Amino acid sequence: MEKLIEKKLAERGVSIEKIAEIVYVLQERYVEGLTLMECREAVRAVFKKREVQHAVLTGIALDILAEKNALPSPLLEIIRNDESLYGIDEVLAFAITNVYGSIGLTNFGYLDKTKLGIIGELNNGKNKQVNTFLDDLIAAIAAAASARLAHSIDGNIYLNYLNESD
Ligand code: MG
């Protein structure tokens, strides 16, 4: 299933690499010696979660249906125009931010404001693609991957502490 998610995102113009770059920017100052490869691994781990898979499948399907004018009004216009008061794109993304605890939600809020990297490109919508759900899904995946990295580092610090106190 995680391969399918990777493929679906690639079809919409988002590679794991692009998500990993955002994770790197968020975490480099907290994680000493962080590499892009570790960021990619964190993103892949997020893809393994069922809540994430279902949110991605749902959001991308709605973006594509809006593109094809295949949704009923007024939902069609709301999603096509990315109405700022719609808010359900963010609500769907919360299913992803929560998978590694509350740090994910904080990171998501930050990305929603700053629109780092590919998130900004999707939000500007230079191509004709509808990205109403996709930009929030990507922000949420990057936020969750960052939270996972943060927790793994905390875990290491704790293990080091236990070893030192032996
Ligand atoms: Mg959106």
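Just so you know, these numbers come straight off a predicted model, no measurement behind them.
- Using modelled atom types, one side-chain atom of Asn131 and one backbone atom of Leu122 make a donor-acceptor pair closer than 3.5 Å.
- Residues Gly13 and Ile118 share a closest heavy-atom pair of O-CD1, 3.8 Å.
- In the hydrophobic clustering of this structure, Ile60 groups with Ile78; members are Ile, Leu, Val, Met, Phe, Trp, Tyr whose side-chain heavy atoms approach within less than 4.5 Å, directly or through other members.
- Looking at Glu77 and Arg80, no side-chain N of the basic residue comes within less than 4.0 Å of a carboxylate O on the acidic one, giving no salt bridge.
- Judged by distance alone, the side chain of Thr97 and the main-chain N or O of Ala140 form no donor-acceptor pair under 3.5 Å.
- Smallest separation of non-hydrogen atoms from Glu17 and Leu36: OE2-CD1, 3.9 Å.
- In this structure, Ala147 and Ile103 approach most closely via the heavy-atom pair CB-CB, 4.0 Å.
- Asp89 is not listed as a side-chain neighbour of Leu62, based on a closest heavy-atom distance of 4.5 Å or more.
- Atom CD1 of residue Ile119 and atom CD1 of residue Ile19 lie 9.0 Å apart, to the nearest 0.5 angstrom.
- Side chain of Ser15 to main chain of Lys18: a donor-acceptor pair is present (N/O by atom type, distance under 3.5 Å, no hydrogens or angles).
- Of all heavy-atom pairs spanning Ala143 and Gly104, the tightest one is CB-O, 3.3 Å.
- Taking all atoms of both residues into account, the shortest heavy-atom contact from Leu9 to Ile138 is CD2-CD1, 3.9 Å.
- Hydrophobic clustering (side-chain heavy atoms under 4.5 Å, transitive across Ile, Leu, Val, Met, Phe, Trp, Tyr) groups Leu137 together with Leu71.
- The distance from the CE atom of Met1 to the NZ atom of Lys8 is 9.5 Å, given to the nearest 0.5 Å.
- The same ILVMFWY cluster, assembled from side-chain heavy atoms under 4.5 Å apart, contains both Val46 and Leu34.
- In this structure, the separation between CD on Glu90 and CG on Asp136 is 4.5 Å, given to the nearest 0.5 Å.
- Follow the hydrophobic side-chain contacts under 4.5 Å out from Val52 and you never reach Leu105; the two are in separate clusters.
- The hydrophobic cluster of Val91 has no other members, since no ILVMFWY side-chain heavy atom comes under 4.5 Å of it.
- A donor-acceptor contact shorter than 3.5 Å links the side chain of Asp63 to the backbone of Leu134.
- Counting only distance, with no hydrogens or angles, the side chain of Glu28 and the backbone of Val25 share no donor-acceptor pair below 3.5 Å.
- Following chains of ILVMFWY side-chain contacts shorter than 4.5 Å, one can reach Ile88 starting from Val56, so the two form part of one hydrophobic cluster.
- Nearest heavy atoms, Leu57 versus Leu4: CD2-CD2, 4.4 Å.
- Contact check for Ile96 versus Glu51: no side-chain heavy atoms found under the 4.5 Å cut-off.
- Pairs passing the ring-ring contact (aromatic ring centres under 6.0 Å, His included) check and including a residue from residues 20-59, sequence neighbours excluded, do not occur.
- If you run side-chain hydrogen bond (donor to acceptor under 3.5 Å, both in side chains) between Asn123 and each of Asp112, Thr132, Asp135, only Asp135 comes through.
- The number of heavy-atom neighbours closer than 6.0 Å to NZ of Lys115, taken from other residues, nucleotides and ligands shown, is above 12.
- Within 6.0 Å of CD on Glu11 lie more than 12 heavy atoms contributed by other residues, nucleotides or ligands.
- Residue pairs meeting the ring-ring contact (aromatic ring centres under 6.0 Å, His included) criterion with at least one partner in residues 87-114, sequence neighbours excluded, are Phe94-Phe108.
- Ion pairing between a basic and an acidic side chain is recognised when a charged N comes within 4.0 Å of a carboxylate O; Glu41 and Arg44 show such pairing.
- Although no hydrogens or angles enter the test, the distance criterion places a donor-acceptor pair under 3.5 Å between the side chain of Gln129 and the main chain of Arg12.
- In this structure, the side chains of Leu116 and Leu111 come closer than 4.5 Å at one or more pairs of heavy atoms.
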